Amino acid sequence: MTRTLINDLNNHIDEVVTVKGWLQTLRDQKNMQFLILRDRTGLVQVAHYRPEHPELGEHISALGTESALTVTGKVVKNEVVKLGGLEIQLHDLVIENNAEAPLPYDPFDQENMPAIDFRMDWRYLDLRRDQNLLLFRVQTLLEHAMREFWVNEGFIEIHSPKIMGSPSESGAELFEIDYFERKAYLAQSPQFYKQMAMAAGFERVFEVGPVFRADPSYTSRHMTEFTGLDIEISWIESHEDVLKFTERWLNYAFQRVKDELDEEIMKVFGIEVTVPEVPFPRLTMAETLDVLKKVGYDLPKERKGDLDPGGERAIAEYVKNEFNNEFFFLIDWPITVRPFYHMRHPDNPDLTRSFDLIAGGLEIATGAQREHRYEVLKKQALEYGLGLESIQFYLDFFRYGCPPHGGFGMGLSRLLMVLLKLPNIREAVYLFRGPNRLHP
RNA sequence: GGGGGCGUGGUGUAGUGGCUAACAUGCGGCCCUGUCAAGGCCGAGACCGCGGGUUCGAACCCCGUCGCUCCCGCCA
């Protein structure tokens, strides 16, 4: 018999069906046994009148919570049943996989929820929670909508290598690996490779893939491995063209999530999805520092035009009040806090054509127009004290007709944190990787 | 790399110098006319992360250590 999903049972009243799922609760009485069965679409009550099948009753009594079951029975309307006004009268039961008792913890007991670290030890149980099931449906739809947008706008998808012979960018720490007789590194950004696609004439590319950072960062928003959303666009006039694309793209993806899952998100997470309005506010770093001064936020002196997280939150608060937007671009960062390949303003060589995207007070993306002029790029690299030999393969991209271009890198899980207002990135990722977390 | 906080039955908590370590939940048993956040009764389960110290006496104070966590730095 084919399987019926629980949210489809309404269409099978008075029919005998087979449903498959997990035993969420067993209410075991003398004559009646009630099994609450859960599949990915919902919950249903299964009722068993014990005296009719005493042996089956014994089997049911021995079941552990969260056992995987196949249940056959007749769907009947029953107004008395609080769970959807219907139930399944049990005919037969197959225990596909009994759950040992007790469970390490009950994932459906909201009152006694263990801390995130313990839940990660039993991640497959934790993922059974409604919140997690929905979270990954949201992530799937979000990514799907992003791809739709990209494809409709003529983007080409690339998959750049994650094993590299030399560091791609200076700054962030690299994981070193043994590569036969040599050393190699895990990619900490697809930056150079997506720029290569510009030199290759692809004009617009995106990549969704893993990014590795050997930073010993112990915070609620850092991981050593995460999924990066990267794009690069050719023939731009300035970084403003990248901003314009970014805001339309995010607006579309968030709107798709809201259209399809807003109600469920409200039910499970208790929040309404906020679709950021286009255009997102743009604040230059200079303006931002003025605003911070005005609202009385003291930036540590040594920061030289950069922001600390407190400053980021303060300016986010200001933007929220002033423009009623959770999203905004912080643009025109000084060269001192940006890499050598960011293009500089022609009228102010101390500033770069760069931006950060801040959402919900969290830094979720960084981007810029890239310097595509070979001689200028070489000069800037030397200014940063880089040896040209080590990045010559990269510099070579700009020798035979590379168009002006720019793009960004964004953290998928950070975006989900913002979308679902999660306090910790560990809640927003399938399996967390951090400095002291390699399992499961 | 720097700083703060927390480690008590399976899980969540209470207890901050006199405890035979409490409560909830879960687990096991018995009971219950169909339950539905089921209910009732009984029971098992923790030498209070680990090591040392102070004290007549330590879950509680001190030192060390390990683990976790958060913040800063770094970033997405």
Side-chain angles (χ1 to χ4, degrees), chain A residues 24-36 43-51 61-62 64-66 76 78-87 89 99-122 125-126 169-173 188-191 210-230 300 302-303 306-313 337-339 356-359 362-367 408-418 423-426 428-429 434-437:
Chain A
Q24 184 148 327
T25 305
L26 172 63
R27 288 191 276 270
D28 197 358
Q29 302 182 159
K30 189 177 188 178
N31 290 321
M32 292 299 301
Q33 291 173 311
F34 299 98
L35 301 83
I36 307 302
L43 299 169
V44 68
Q45 171 166 292
V46 179
H48 179 233
Y49 184 58
R50 231 177 145 145
S61 288
T65 307
E66 288 300 307
V76 296
N78 187 343
E79 294 306 326
V80 178
V81 180
K82 292 180 180 172
L83 194 58
L86 59 77
E87 68 180 3
Q89 291 173 341
E100 294 173 31
L103 296 164
Y105 76 99
D106 177 1
F108 295 92
D109 181 0
Q110 300 277 1
E111 304 295 309
N112 298 306
M113 197 57 62
I116 179 74
D117 189 58
F118 184 85
R119 283 187 283 125
M120 283 193 294
D121 289 340
W122 299 97
L125 286 180
D126 197 47
E169 286 186 70
S170 56
E173 297 288 323
Q188 41 101 296
S189 163
Q191 182 60 36
V211 178
F212 303 91
R213 302 278 166 90
D215 291 319
S217 296
Y218 300 88
T219 78
S220 55
R221 58 186 190 282
H222 286 88
M223 301 189 275
T224 48
E225 176 179 350
F226 63 90
T227 301
L229 306 167
D230 271 86
E302 69 277 10
R303 309 234 13 135
D306 198 355
L307 286 187
D308 61 340
E312 245 163 47
R313 284 188 289 270
V337 292
R338 290 302 196 185
D356 273 13
L357 174 58
I358 315 285
L362 187 67
E363 192 176 321
I364 63 167
T366 298
F408 66 75
M410 183 179 293
L412 174 62
S413 298
R414 284 196 176 181
L415 189 63
L416 268 176
M417 279 176 80
V418 172
N424 195 312
I425 203 159
R426 295 166 179 81
V429 67
N436 17 334
R437 174 62 70 165

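Proteins come first, then strands; the chains are lettered A, B, ... in the order of their sequence lines, and each starts at number 1. Small disclaimer: the values here were computed from a predicted structure and weren't measured.
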[X] side-chain N/O to [N] phosphate OP1/OP2 under 4.0 Å:
| X | N | answer |
| --- | --- | --- |
| A:R426 | B:U69 | yes |
| A:Q29 | B:G34 | yes |
| A:R27 | B:A38 | yes |
| A:S220 | B:C70 | no |
| A:R437 | B:G67 | no |
| A:T65 | B:C27 | yes |
| A:R313 | B:C72 | yes |
| A:N436 | B:C68 | yes |

Taking atom [atom1] in both [N] and [M], compute the distance separating them and give it to the nearest angstrom.
| N | M | atom1 | value |
| --- | --- | --- | --- |
| B:G52 | B:A58 | C1' | 13 Å |
| B:G45 | B:G53 | C1' | 32 Å |
| B:U11 | B:G49 | P | 13 Å |
| B:G5 | B:C75 | C1' | 24 Å |
| B:A76 | B:G7 | C1' | 32 Å |
| B:G9 | B:G26 | C1' | 11 Å |
| B:G10 | B:G64 | C1' | 30 Å |
| B:C61 | B:G43 | P | 33 Å |

Just the rounded figure in Å: distance from [atom2] of [N] to [atom1] of [X].
| X | N | atom1 | atom2 | result |
| --- | --- | --- | --- | --- |
| A:Q110 | B:U13 | CD | P | 14 Å |
| A:Y49 | B:U35 | OH | P | 14 Å |
| A:M417 | B:C70 | CE | P | 10 Å |
| A:D230 | B:A76 | CG | C1' | 9 Å |
| A:D28 | B:C36 | CG | P | 14 Å |
| A:F212 | B:C75 | CZ | P | 20 Å |
| A:L26 | B:C27 | CG | C1' | 14 Å |
| A:D121 | B:G12 | CG | P | 11 Å |

Between [options], which nucleotide has the shortest distance from any of its atoms to the side chain of [X]?
| X | options | value |
| --- | --- | --- |
| A:K30 | B:C32, B:G26, B:U69 | B:C32 |
| A:K82 | B:A37, B:G73, B:G34 | B:A37 |
| A:R414 | B:A76, B:U25, B:C72 | B:A76 |
| A:N78 | B:G34, B:G12, B:C36 | B:G34 |
| A:D109 | B:U25, B:A76, B:C71 | B:U25 |
| A:E363 | B:C75, B:C74, B:A37 | B:C75 |
| A:P114 | B:G12, B:C74, B:C75 | B:G12 |
| A:P216 | B:A76, B:G34, B:G73 | B:G73 |
| A:N424 | B:A76, B:U11, B:C70 | B:C70 |

Both distances below 3.5 Å, Watson-Crick or wobble geometry, any strand: find the nucleotide opposite [N].
| N | value |
| --- | --- |
| B:G57 | none |
| B:G7 | B:C66 |
| B:G17 | none |
| B:A37 | none |
| B:G43 | B:C27 |

(message) Minimum heavy-atom separation for A:A99 and A:T65, please, with both atom names.
(response) CB-O, 3.1 Å

(request) Nearest-nucleotide wise, let me know which of A:M223 and A:A101 is further upstream toward the 5' end of RNA chain B. (result) A:A101

(request) Would you mind telling me which residue lines up with the more 5' stretch of RNA chain B, A:F34 or A:S413, judged by nearest nucleotide? (result) A:F34

Pick base, sugar-phosphate or nothing for [X], based on heavy-atom distances below 4.0 Å to the nucleic acid.
| X | answer |
| --- | --- |
| A:V211 | nothing |
| A:G409 | sugar-phosphate |
| A:Y218 | base |

(request) Could you check whether A:Y105 and the base of B:G26 form a stacked pair, meaning centres closer than 5.5 Å and planes differing by less than 30°? (result) no

(message) Please check: side-chain N/O of A:T219 versus main-chain N/O of A:R221, any donor-acceptor pairing under 3.5 Å?
(response) yes

(request) State whether the side chain of A:R437 and the backbone N or O of A:D117 hold a donor-acceptor pair below 3.5 Å, judged by distance alone. (result) yes

Taking the side chain as C-beta and beyond, is there a heavy-atom pair between [X] and [Y] under 4.5 Å?
| X | Y | answer |
| --- | --- | --- |
| A:Q188 | A:E173 | no |
| A:R50 | A:D28 | yes |
| A:Y105 | A:R119 | yes |
| A:E66 | A:D106 | no |
| A:Q45 | A:I36 | yes |
| A:H48 | A:V46 | no |

(request) Give a yes or no on whether a donor-acceptor pair under 3.5 Å exists between the nucleobase atoms of B:C71, that is its base, and the side chain of A:T219. (result) no

(request) Assess whether one donor atom and one acceptor atom, taken from the side chain of A:Q33 and the base of B:U35, lie less than 3.5 Å apart. (result) no

